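In this text, all values refer to a predicted model and were calculated from it rather than measured experimentally. Here is how names work: the chains are called A, B, and so on, in the same order as the sequence lines, proteins then strands, and each is numbered from 1.
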Amino acid sequence: MNETTFPTMWIAFIPLLPLLGFLLVSLLRRKLSEKVLGLLGCAGPLLAFVVAIYLTVSLYRFPADSVTYVLYSWIQSGNLQLSLAFTLDPLSALLCLVITGVGSVIHIYSIGYMHGDKGFGRYFAYLNLFTSMMLVLVLGENLVVMFIGWEGVGLCSYLLIGFWYEDMEKSLAAQKAFVVNRVGDFAFLIGIFWAFFLFGTLSFEGIQQAIARLDTFYLWQLNAIAILFFIGATGKSAQIPLYLWLPDAMAGPTPVSALIHAATMVTAGVYMIGRLSALYSVATFASSVVAIVGALTALYAATMGITQRDIKKILAYSTISQLGYMFLAMGLGAYTLGIFHLTTHAFFKAALFLGAGAVIHAYVRPDRGYPAGLQDTYKMGGLWRQTPLIFFTFIAGGFSLAALPPFSGFFSKDPILATALQKAQTPFSVEGLAWFLGTLTAFCTVIYTFRLIALVFFGQPRGDVRVEPEHYHASYTMGFALVVLSLLSLFGGGLHHTLSSYLQPVWGSSHHTVEISHSVHEFNFFLIFGGSVIFAVVTFYIFAWRFAWIQKVVRDNPWWWWLYFLSYRKYFVDEVCELLIVKPLKRLSAALLKWIDFFLIEGIVNGLPKLFLGWGWAMRAAQNGRVHTYAGLILVGVLLGLLYLGYTIVYSPF
Amino acid sequence: MSPNFLLYIGAALFSIGTFGVLSCRNTLILLMSIEIMLTGVSLSLVTFSWIWANSAGQIFVIFIMAVAAGEAAIGLAIIMAFYRLHKSVQTDKAELMKG
Amino acid sequence: MYEIMWLILGILSVISAILVVSRINPVYSALYLMLFFASVSGLFAFLGASFVAVTQLFIYIGAIIVLFLFVIMMLNFEELKKLQRPPLFSPLKGLILSLALFGLLCVPIYFGLPSAHPRHLPADFGSAKWIARDMYIQYPFAIELASVLIIAALAGAFVIARIGKKAKNS
Amino acid sequence: MSSMVLDAGKILLIFAVFMQIPPLLIYLERKICAFIQDRIGPNRVGPFGILQPLADAIKLITKESITPKNVDVFLYTVAPLFVMVPAAISFAVVPVGADVKLWGHTLQLQIADFHVGILFFLAITSLSVYGLTFGAWASNNKYSLYGGIRSTAQMISYEVAMGLAVICVLMSSGTVYLREMVFAQSHTYFGFLPAWNVFHQPLAFVIFLIAAFAETNRLPFDLPEAESELVGGYHTEYSGMKFAMFFMGEYMAMISMSAIMVTLFFGGWTLPGVVDAHSTTVWNALLSVVVFGIKTGAFLIFFIWIRWTLPRLRYDQLMKLGWKVLIPLALMNLFFTAIWGLRDQIF
């Protein structure tokens with residue numbers, strides 16, 4: 001294969017096909033039946049998946065590392081040369097596969113899940129648009145194209161969280177997600193400006209080359225840019241301090257949570273750091289910040305996950321926590337591991353969410369036929385006999401999340417911690433801290449995972465709603481999706497070695513993977529594996545069979561109870577935020593409304609007509625209807641222009 | 001003699017045309033003054049074309065001629081219509097648009 | 001030789017232009033306008049732009065001024081005779097403005113342009129072929145536009161003249 | 001400098017010859033008119049009245065030049081010049097004969113071989129309308145003014161058709177140099193048919209011919225004069241030498257028009273089998289001038305013949321013919337000529 005034979009043009013088709021699906025579905029959603037709409041909605045991502053496979057195989061056999069397809073030259077303004085271009089390299093190819101693959105499965109699942117919803121067509125339109133935008137984000141050749149995708153997925157996330165917009169709470173959750181994201185996006189935008197200011201280009205390749213040429217004097221600027229980008233990433237990927245929106249985002253349909261708020265969109269920040277690895281491997285300070293923030297987020301979210309009652313909230317906090325792991329890996333420079341964890345996480349978290357969706361769907365209110373919307377795990381229980389398919393697929397995802405071998409989560413999480421331990425020179429170094437926090441998180445992960453499994457599938461049924469076995473058997477699409485994803489989370493770990501060699505060209509020749517010594521590896525493995533097994537058994541025992549006892553213990557012991565309450569109420573961060581940020585902002589808005597809007601703006605708005613009235617009165621004399629007056633006035637204008645021209649000529653340096 | 005002389009001539013013609021536009025009450029002469037202005041510009045363009053041995057100036061003059069021909073046709077048609085309405089070609093009769 | 005012709009024709013063109021704007025009788029204005037165009041056309045010819053010179057002659061003198069005369073004759077014979085020297089729209093103001101314009105136009109010529117010496121002119125400088133070659137290759141769109149403009153002017157002139165007629169009849 | 005002297009000589013020679021033709025034409029016109037009307041015509045002065053033009057000239061020169069009271073004196077005086085001068089100048093670009101080699105110099109029998117020959121001719125002939133217009137306006141006479149208005153409208157209308165016809169010829173011959181155009185027509189088809197443009201562009205020739213009649217104000221298009229309705233039109237008030245100049249101008253315009261028609265459509269001074277286009281001998285040149293003269297003369301006689309044969313058109317018929325027949329025809333011809341010229345690129 002040579003340069004000319006690579007099917008470059010097809011790259012554009014990857015984002016284009018779902019976009020086409022979006023257009024078709026949104027235009028025809030009132031005309032077509034649900035079945036056709038579902039087919040149409042799934043066709044875009046599925047075809048894109050096929051194209052992505054084809055291109056990935058082509059790229060594998062292609063001598064060059066990356067291929068760029070320039071759609072057209074977009075902005076040409078002085079220094080700024082931007083084109084709407086897509087780059088396919090191993091990293092973006094992998095992400096494309098994940099997005100279109102997992103996306104397609106979730107689309108198929110949605111056919112069953114959204115069956116009968118009156119917004120069926122709208123849902124698939126949004127979902128297709130999201131897929132398209134995510135692919136733009138991933139394939140973008142430069143920062144601005146990436147930013148288009150970045151904003152596009154944010155928009156779709158907003159639309160889908162507030163999908164049931166008649167519910168006020170859900171609308172508010174959507175707004176919260178949007179506003180919080182905006183804070184991050186603002187930093188990201190400033191980062192883009194600064195990057196252009198410093199590098200003179202915005203294409204990733206150009207930035208890579210510019211960094212290679214740059215003097216160390218500019219290191220602080222590199223760090224600043226990297227941190228700005230990371231702030232953007234904290235918004236999109238729900239890291240401290242901008243994680244607040246993700247738990248609320250669970251208001252959307254569950255497949256949306258699976259696709260957007262677990263598998264793809266929230267990993268955009270991780271992908272961005274991978275894409276800018278050239279920047280982050282130089283900006284060591286920023287990398288340390290990334291690692292520490294990631295580790296802190298991981299532990300912090302995990303502790304909150306332990307006490308949640310809502311099945312989706314638990315999974316949401318676990319997502320934040322896992323994202324923390326990814327950032328930890330990225331911050332430590334283990335880019336391959338971070339991306340690998342992203343991939344496996346996409347598999348098992350999607351499986352878990354879809355499983356959760358199936359569980360929610362399985363509970364039907366006795367008096368009415370449709371899903372009760374039950375999400376409280378305390379009211380579930382003993383589900384495994386009734387819904388074995390959900391149970392087994394959920395187990396596969398859950399074991400993977402808890403990083404038990406041989407599930408895929410183990411293969412991606414264990415090396416991250418091992419790398420941190422290997423790199424740790426002293427206990428109080430960044431890497432040491434990261435390892436310590438990561439290990440604690442791993443145990444917490446095990447706890448909340450097994451608590452979840454025990455509460456949902458074991459023990460006695462505690463709720464007043466019944467399980468409708470026919471319901472999930474009826475929707476083959478949901479079952480199919482669950483099986484596919486659970487198989488992926490079971491066997492996804494096998495990709496490890498393939499992936500590290502496949503992705504190597506992306507990080508550049510200067511990047512080396514850390515060799516983990518045998519002793520570190522064994523110590524890490526036995527510590528985590530052993531700890532995990534112990535915690536798993538204990539948690540499972542307590543929550544499956546001694547649930548009433550543990551509730552009583554917590555309630556009676558004030559220390560336990562306060563810990564529990566603190567964690568359950570999410571450390572009151574939302575309330576503190578309300579008090580410290582939202583309230584003053586509201587007060588400021590009121591003041592602005594009173595002083596700026598009523599006084600200044602209204603004054604200007606009312607004053608302008610008066611001004612124009614006076615001006616018109618004064619200028620009426622000029623408009624006397626005589627051609628000569630007009631010509632003379634035109635001439636006066638020309639003379640003024642000429643005067644300036646003459647001035648510049650006479651006083652020009654030439 | 002330097003061809004700059006001809007540029008001065010062009011500027012002078014343009015200014016004379018401007019004077020005509022500003023001062024003539026007769027619309028016909030007013031239109032003629034506009035033609036003079038255009039021709040002044042044409043002269044400058046042809047001079048530049050000669051100075052730089054470049055065809056662009058002369059090509060532009062041809063376009064100016066096309067515009068001038070159209071402008072003359074339309075302008076004279078307007079004068080005819082105006083004359084039919086007001087029985088005059090004096091500009092000060094055209095005051096309907098005053099504010 | 002050329003320079004002398006430039007001088008003569010240039011001064012002639014300026015004088016005739018002044019005569020055009022200062023006549024009361026539009027027929028005389030047209031006559032001097034003819035002289036003006038002829039002298040400018042001569043200037044073009046002595047600048048080597050023979051095609052442009054002839055086209056100038058053809059279009060301005062052969063068509064535009066004839067149109068002017070046609071319109072002058074169509075208008076009321078009596079009114080032209082009645083025409084007094086028009087009380088100029090503050091002639092002083094017009095004079096000052098146009099003099100200022102001339103002065104300001106001279107500034108860039110004086111300061112901006114070095115005393116230009118002609119480049120080496122091609123042998124067929126100013127011929128129809130030389131212009132056409134560049135014109136049709138570089139400005140095809142402008143040519144189309146000009147043709148559209150002329151057709152629009154044709155139709156527009158027709159319509160406008162008609163409107164006047166209707167108003168007269170009604 | 002010697003070339004300037006040579007040019008001056010050429011101008012003098014051609015002008016001298018040129019000025020002798022109108023009196024001859026007037027005589028011819030009267031004779032042919034008489035022949036057509038079955039009369040004898042002038043026969044008093046000299047044998048067959050051949051000295052009649054001379055007598056006319058003496059009469060006109062010696063007659064009192066009357067300037068009516070209410071005329072615009074300046075325009076009244078210059079107007080005849082505007083008729084005569086353009087007609088004379090326009091002849092400058094017409095090649096009247098083959099190149100001739102004299103005393104080591106190659107002499108062109110053409111005053112000016114312009115970059116833009118035919119365009120120059122068109123531009124100059126379009127000036128002759130001013131004579132009529134100014135004369136008509138200056139006369140301060142209703143009939144004259146009508147004549148002037150008619151002449152301007154007529155000239156503008158027919159100039160367009162004429163120009164379009166010329167463009168067709170230019171496109172088929174690929175040059176604007178009249179000299180080259182003559183050379184391009186000097187060969188033959190099938191060994192006997194001269195390669196004249198009239199065979200390439202018959203429609204253009206017809207249009208040009210009609211437009212030429214209109215431009216020279218000859219019947220059937222002599223509306224500006226229209227003795228029967230406008231009592232002489234623009235030259236009603238003229239008399240004496242000024243009238244003679246109008247008269248001369250008309251005939252000179254006719255000559256120029258005939259010459260240019262011969263050059264454009266009938267091979268100019270060439271004639272296959274008689275004149276060798278590329279020879280430079282004196283004999284050949286003389287022969288070519290004779291050929292040119294015969295062709296032009298034929299056209300002049302054609303002009304006269306038509307004048308005494310066809311009736312005058314009405315004004316609206318004239319305008320209709322110009323705008324609704326000739327211009328569309330000419331445009332169509334132009335279109336098909338362009339298609340034919342581009343046939344290699346199109347088909």
Side-chain angles (χ1 to χ4, degrees), chain B residues 1-9 11-20 22-26 28-29 31-33 35-36 39 42-43 46-47 49-53 55-56 58-59 61-63 65-70 72-74 76-85 87-89, chain C residues 3 6 10 13-14 17-18 20-21 26 29 33 36 40 43-44 47-49 52 55 59 63-64 67-68 71-72 75 86 88-89 91 94-95 97-98 101-102 105-106 109 113 115-116 118-122 126 130-131 134-135 139 142 146 149-150 153 156-157 160-161 163-165 167-168:
Chain B
M1 189 189 299
S2 151
N4 279 5
F5 167 71
L6 291 174
L7 297 178
Y8 288 118
I9 294 284
L13 294 180
F14 191 82
S15 308
I16 293 168
T18 315
F19 174 76
L22 287 179
S23 309
C24 287
R25 276 208 322 174
N26 191 325
L28 283 159
I29 300 180
L31 266 183
M32 290 180 196
S33 306
E35 301 290 346
I36 291 176
T39 308
S42 295
L43 179 59
V46 172
T47 311
S49 161
W50 188 79
I51 291 172
W52 302 108
S55 63
Q58 297 186 21
I59 291 169
V61 170
I62 289 171
F63 288 133
M65 284 178 197
V67 172
I74 292 279
L76 289 170
I78 291 174
I79 289 176
M80 296 272 281
F82 182 76
Y83 178 76
R84 287 201 181 104
L85 288 171
K87 299 276 167 238
S88 167
V89 289
Chain C
E3 281 86 350
W6 287 348
S13 65
V14 169
I18 291 172
V20 169
V21 297
S29 279
L33 191 64
F36 166 71
V40 172
L43 274 179
F44 287 174
L47 278 167
V52 174
T55 319
I59 291 181
I64 292 182
L67 261 184
F68 272 110
V71 172
I72 292 169
L75 301 184
L88 295 175
F89 149 80
L95 194 67
L97 279 177
S98 46
L101 180 69
F102 180 64
L105 283 174
C106 287
I109 301 172
L113 292 169
S115 184
R119 300 293 176 91
H120 176 70
L121 297 181
W130 184 71
I131 290 177
D134 288 358
M135 184 159 88
Y139 307 100
L149 177 85
I150 286 179
I160 290 170
I163 286 171
K165 209 166 216 166
K168 187 190 175 191

Under a 4.5 Å heavy-atom cut-off, does chain B meet the side chain of C:Val40, its backbone, both or neither? side chain

Segment of C:Ile18 engaging chain B (4.5 angstrom heavy-atom cut-off): both

From B:Phe63 atom CZ to C:Met135 atom CE, the distance as rounded to the nearest 0.5 Å: 5.5 Å

Region of C:Leu101 that comes under 4.5 Å of a non-hydrogen atom in chain B: both

Please identify, among B:Ile74, B:Ile78, B:Val67, the residue contributing the most non-hydrogen atom pairs under 4.5 Å to chain C. B:Ile74

Say you draw a straight line from CD1 of C:Ile160 to CD1 of B:Ile79; how long is it, rounded to the nearest 0.5 Å? 11.0 Å

The reported gap from CG in B:Leu31 to CG in C:Leu33 (rounded to nearest 0.5 angstrom) is 10.5 Å

Approximate separation, where rounding is to 0.5 Å, of B:Ile16 CD1 and C:Ser13 OG: 7.5 Å

Considering all heavy atoms, the nearest B:Ala69-C:Ile59 contact: CB-CG2, 4.4 Å

Contact class of B:Ile62 relative to chain C, heavy atoms under 4.5 angstrom: side chain

Could you tell me which non-hydrogen atom of B:Ser15 sits nearest to which non-hydrogen atom of C:Leu105, and how far apart they are? OG-CD1, 4.2 Å

Return the CZ to OG1 distance between C:Phe44 and B:Thr47, rounded to the nearest 0.5 Å. 7.5 Å

Return the option, out of B:Ala77, B:Gly70, B:Ser55, with the maximum number of heavy-atom pairs under 4.5 Å with chain C. B:Ser55

With a 4.5 angstrom heavy-atom cut-off, could you sort out which part of C:Ala49 is near chain B: side chain, backbone, both or neither? both

So, for B:Ala53 and C:Trp130, which heavy atoms are closest and what is the spacing to 0.1 Å? O-CZ2, 4.2 Å

Give, as side chain, backbone, both or neither, the part of C:Leu43 having an atom under 4.5 angstrom from any heavy atom of chain B. side chain

Let me know if C:Ile150 has heavy atoms under 4.5 Å from chain B in its side chain, its backbone, both or neither. side chain

Nearest heavy-atom approach of B:Tyr8 to C:Phe102 is O-CE1, 3.6 Å

Residues B:Ala73 and C:Leu67: closest non-hydrogen pair is CA-CD1, 4.5 Å

Taking side chain to side chain donor-acceptor pair (under 3.5 Å) as the definition, give me every residue that meets it alongside B:Gln58, ordered by chain and number, with sequence neighbours left out. B:Ser49

Where do C:Ser29 and B:Met32 come nearest, in terms of heavy atoms and distance? CB-SD, 3.6 Å

Is chain C contacted by the side chain of B:Ile36, its backbone, both, or neither, given a heavy-atom distance below 4.5 Å? both

At a heavy-atom separation under 4.5 Å, does C:Leu47 approach chain B through its side chain, its backbone, both, or neither? both

Which region of C:Phe36, side chain (C-beta onward) or backbone (N, CA, C, O), has a non-hydrogen atom less than 4.5 Å from a non-hydrogen atom of chain B, or is it both or neither? side chain

To the nearest 0.5 Å, how far apart are CZ in C:Phe68 and CG in B:Leu28? 7.0 Å

